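As the structure is a prediction and not an experimental result, all values here were calculated from the model. Quick note: numbers below take in every heavy atom, side chains included, and nothing from hydrogens, waters or symmetry partners.
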Amino acid sequence: MKGVRILFPLALMALSVNCGMAQIMPWENRTETDDSPFAESQGVKKDKLYLEDVVGGTLIQTKGAGAINWLKDGNHYSRLEPSADGKGSDVVSYRVKDNKREVLIPASSFIDKATGKAVPVSSIIWSEDNGKVLVFTNTRKVWRYHTRGDYWVLDLKTGMFRKLGSGLPEATLMFAKFSPDGNRVAYVSNNNIYVEDVATGDVNQITRDGNKEIVNGTFDWVYEEEFGIRDGFRWSPSGEYIAYWQSDTKGTGWFDIINNVDSIYPAVNHFPYPKAGSMNSAVKVGYVPASGGKTAWIKIPGDSRENYIPRMDFIPGEDVLFIQQMNRQQNINNVWLAEIGATEPVNVFTDKDDAWLETNDNVMWLDGNKWFTWESERDGWRHLYRVSRDGKNIEAVTKGDFDYISPVGTDIKKGLTYFIASPGNYTQRYLYSASLFGNGDVKRVSPAEQAGQHRYNMSPNGKWAVHTFGNAATPPVIDMVSFPAHKTVRTIEDNSKAKEQYKALNLNPKEFVKVKSGEYELDAWMIKPVGFDPSKKYPVIVEVYGEPASSTVQDVWGGGDLWNQYMANQGYIVVSIDNRGANAPRGREWRKCIYGEVGTFASEDQARGIKDMASKYDFIDSERIGITGWSGGGSQTLNSMFRYPDVFSTGIAIAFVADQKTYDTIYQERYMNTPQQNPEGYRKGSPITYVDGLKGNLLLIHGTGDDNVHYQNCEMLINELVKHGKLFSLMSYPMRTHAINEREGTTLHLRKTMAKYWLDNLPAGGR
C-alpha cells in the first residue's frame, strides 16, 4: 500500500455508477477548442499544458547519467552504450579523473553463435576477478519487477559466450550470480536452486522440493512487497556452500484474481496472500553444499509462521551467516550468528521498540569484522551506531536532533561514512559525513547554495560520486564530484534544455508552507493556477498519502509535477499536506505516534490542516475543497470524505484499502498489530466503518487485476455504500494492477476521467 505517483491513460466514454446503477456517459458535447481542458496540442505549441502532453511526457525532456556501475577499483565505472554500428550494446568504462573512455566488451561479443543474432543486453554482472560477465536478457516481470529471464555467460579470456540453464524452460532463471572464484553460476528456476559449471555447462540441481507451495531461493508475494527482498540465496565466501530461504506457503490464504478480458472464458491467477491476522508462510533459512547434498536448516528459536527472517547474509570473508529475525509485531529484531557446521546459532544483539522497527539494510563490517553498523531510533532520532561483534558494546556514529535518512558510501581509508540527512528542512535532502570511530559529530558536505534534494552514486572507495541535484522547480543537474571536498570534476548533464522547456510553460512553482493541526505544525505545499488573482477565492484539490510508508511534501523535481500543474491551471489550487506519521525525517515520535491508529490521525490532520490554510489565505474557498489519493492515499481520501464531510465536498479515491483487515500481514501489522490484538484500531482506521458520513461527491477508481490492494476492497465498500443509500461514481479498469497503467490508452483515460470529474463536481475558477 505504498504511495504510487505515476502519470496515467482514454476512450471517449466514462463509466459512472450511481448507487449501483451503471450508466454510459459521453463526454459533454463541447468543441475541443484551444481553451477546452481536453484540447489537443497538435504537437506544436509548448507554452501551455495539454493533457495528452502531460501524460505522454513530451513537454519536459530530462536526461540522466544512465545506469552507472562502479568497478571494483573505485576509480572507473562502466555502462552500456549503443555500439557504433547500431547492432547492439558495448560495455564501456570511464576513468573518473580524466574521463578516458575504453570499450571493455564490444557488442560483437554478445552474438548467439547458433543464430548469428545479437543477444539484447538488459544488464550485466561481473565476476569477482572481472574475467567473466553474466548477461541478463529476455526478461519477464514477476509482480512489480523484471527478475525472471534468460542468462548468458561470457568468458572474456576465451571469448566463449553461451546461454545458461540448458534443459530448463525459457525465461525462468532468476538472480544468477557467480561463485567467489567465478567458475560456477547459481540461479533459481521454478522455485529450485541450480549450480552450473561455467566451463563445461554441467548443471547440478541442489534443491528438489520446490513447487507451487514450497519456494526456494526467492519469496512469496508478501515478503517481496513488504520487505523488498526478491533474491533469496547467497554464496558463502569460500564458495563451498549456498545459504537460502525456503517459504512453505501451505496453510496461508490464497487469493484469486479473475481475468475476464483476455478470453471468452475467465482465467484465474491463484497466489498466496496472507491478510492481516491470518496465517503466514513458514519461512526458514539453511545451507547446502554447492556440489549438492542435504540442506542443514538453522535452528532459530520461535514459530516460523509467527516470526520473520527479512535479512540474511554472510559476514565478509567468513562462512558465518548474519541473520535478522523479527517477531510478528515487528518490534523486536534478534540478530543471530550462524557458523557453517555449528549446531546452534548465537543471539548476539537484540533491538526493540514500543511501536515498530524497520529492517536493517546496508550492514557494514568494520575493523576486521570486530564491529558492524546498525541503524536505530533508541534515542528518539534515527542514527547510525557501531555494535561490537558480541553485541555487548554499542556506540553512536552519528548524534544530534536529526534523522539519519539513508547511507551513501564509505571511505574506509579515511574512516568516513557518508549519509543523507536534513536537519533544518524536512522536505529537503543533503549529504553529511561522520567518522566511523569518532564522537558522533557530523559535517554537511552538500553545497550550501544548492537548496533542494541531493542524491549520490558513490564509488566503492568513497573518493568519487555521481551527484544529482534538483528541487521542485529545478530539473536535475548531474555532475561527477570528488571527496572529501565535494569538488565538481565535470558536468555530466545540466539539463539546460529541460530548464528552458519548464520556463517556457510559465507555471507557478510549488510554494512550501507550514500549517497547523492543533498543536502540531505540518509541512505543506500549494500550486496556484496561471493567472492567479489573490482577490478571488479558488477551489482546492488536496493530494494526500497519509500512511507511514511515504511522504508527499518533498522539495524534489518529480518531472515538474505536471499533472498537478495541469489541474491547477484548470482553476484550482492544488495542495498537499504531510500529516503526523508521514515518513519524514522529524524524529521517532513524529513517525510512530500513529502506532495502532493508522488512518485516524491522518484524516484529522488533513481536515485541520486545510482549514488552517484557508484561515491564513483569503484566496482559498473553504466551500470548495476536494481531496484525492492513491493506495494509502485513497484510503485517507475515503476517511476524510466520510469523517469530515463538512470540510471535503468532493473526492477521488484510487486503489484504496477500504477495510484494513483485507491488506497483508507484514505491512498492516507493522503499524497496527493484528486485528485480534487491536480490533478497535482496525475499526477506527478503516474507511468502511464511516460510510454513513458521506455527503459529497465521490468517485472510486480501482483496477480489477490489482494484486496488491485487491479489487475486493472496492466491492466491499460499494456494498456498504449501497446499504446506506449513498450515491457515488465508479471507474473500474479491467485487469489493471495497482499502478493502473497497463494496456493501451489506460493512463490518458484515467487522467481524463479524473479531470472531468473535478470539473463537473468541484466548480473551477476564482470567484
Side-chain angles (χ1 to χ4, degrees), residues 13-26 28 539-542 544 546 598-600 602-604 606-607 610-611 622-663 675 679-704 706 709-734 740 750 753-763:
M13 299 287 182
L15 177 63
S16 176
V17 177
N18 292 301
C19 202
M21 180 174 290
Q23 301 173 339
I24 298 297
M25 302 183 67
E28 295 175 8
V540 172
I541 298 173
V542 178
V544 63
V598 171
T600 56
S603 54
E604 177 182 331
Q606 295 297 324
I610 195 60
K611 287 175 70 176
S622 59
E623 300 300 315
R624 290 184 290 166
I625 297 177
I627 186 167
T628 186
W630 202 297
S631 191
S635 305
Q636 304 320 322
T637 295
L638 295 172
N639 269 328
S640 297
M641 288 290 294
F642 298 164
R643 298 181 70 214
Y644 299 95
D646 295 330
V647 177
F648 302 101
S649 64
T650 303
I652 301 178
I654 309 170
F656 50 85
V657 171
D659 186 334
Q660 292 180 1
K661 294 191 297 294
T662 68
Y663 202 56
E680 180 62 10
Y682 275 77
R683 187 194 70 81
K684 288 170 61 179
S686 297
I688 201 166
T689 303
Y690 307 102
V691 294
D692 196 41
L694 178 63
K695 293 182 181 178
N697 309 302
L698 177 62
L699 171 61
L700 309 177
I701 299 177
H702 218 118
T704 69
D706 192 335
V709 179
H710 304 144
Y711 188 69
Q712 169 192 46
N713 278 274
C714 194
E715 293 188 326
M716 291 172 71
L717 184 67
I718 289 170
N719 194 52
E720 200 69 12
L721 286 164
V722 170
K723 184 174 100 173
H724 285 83
K726 299 297 180 178
L727 300 181
F728 60 94
S729 298
L730 169 68
M731 184 66 227
S732 297
Y733 284 93
I740 316 184
L750 171 64
T753 298
M754 293 175 68
K756 184 176 187 299
Y757 194 81
W758 288 126
L759 292 167
D760 288 349
N761 294 280
L762 190 71

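At distances below 3.5 Å, at least one donor-acceptor pair connects side-chain atoms of Y733 with backbone N or O atoms of L750. Of the possible polar contacts, one joining the N713 side chain to the A658 backbone as a donor-acceptor pair under 3.5 Å is found. At least one donor-acceptor pair under 3.5 Å links the side chain of Q660 to the backbone N or O of G685. Judged by distance alone, with hydrogens and angles left aside, the side-chain atoms of T650 form no donor-acceptor pair with the main-chain N or O of G626 at under 3.5 Å. No donor-acceptor distance shorter than 3.5 angstrom exists from the side chain of T689 to the backbone of K684, with no hydrogens or angles considered. Checked by atom type and distance alone, the side chain of Y757 pairs as donor or acceptor with a backbone atom of L698 at under 3.5 Å.
Proximity of D659 to Q712: side-chain heavy atoms (C-beta onward) are nowhere separated by under 4.5 Å. You'll find the side chain of D692 reaches within 4.5 Å of the side chain of K726, heavy atoms only. At least one side-chain heavy atom of E604 sits less than 4.5 Å from a side-chain heavy atom of Y644. Using a 4.5 Å heavy-atom threshold, the side chains of I701 and M754 count as touching. Using a 4.5 Å cut-off on side-chain heavy atoms (C-beta onward), Y711 and D706 make no contact.
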Query raised in the report: Could you go step by step and tell me if I627 and I610 meet the side-chain contact (heavy atoms from CB on, under 4.5 Å) rule?
Result: CA-CA 10 Å; I627 186 167; I610 195 60; over 6 Å; no
Requested in this report: Would you sort out whether V647 and Q606 count as a side-chain contact (heavy atoms from CB on, under 4.5 Å), showing the intermediate values?
Outcome: CA-CA 10 Å; V647 177; Q606 295 297 324; over 6 Å; no
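Each salt bridge (Lys or Arg N to Asp or Glu O under 4.0 Å) pair with one or both residues in residues 629-639, not counting sequence neighbours, would appear here, but there are none.
Closest non-hydrogen pair, R683 versus Y690, comes out as O-OH, 4.1 Å. Minimum interatomic distance between V709 and Y663 (heavy atoms only, all atoms of both residues): CG2-CE1, 3.7 Å. Shown here for W758 and T628, the closest heavy-atom pair between the two residues is CZ2-CB, 3.6 Å. Looking at every heavy atom in both residues, F642 comes nearest to P645 through O-CD, 3.6 Å. The minimum heavy-atom distance linking P687 with N639 is given by the pair CA-OD1, 3.3 Å. Closest of all the heavy-atom pairs between H702 and H710 is NE2-O, 3.6 Å.
Each of I654, T637, L638 was checked for a side chain to side chain contact (heavy atoms under 4.5 Å, CB included) with L700, and the lone residue meeting it is L638. With V657 as reference, T662 is the one residue of V598, T662, I688 to meet the side chain to side chain contact (heavy atoms under 4.5 Å, CB included) rule.
Taken to the nearest 0.5 Å, the CD1 atom of I652 stands 7.0 Å off from the CD1 atom of I541.
Under the rule for a side-chain contact (heavy atoms from CB on, under 4.5 Å), the partners of S649 that lie at least two apart in sequence or sit in another chain are L762. Evaluation of the side chain to side chain donor-acceptor pair (under 3.5 Å) rule for D646 yields K695 as partners, not counting sequence neighbours.
Counted within 6.0 Å of CD on E680, heavy atoms from surrounding residues, nucleotides or ligands total more than 12; the atom is thus considered enclosed.
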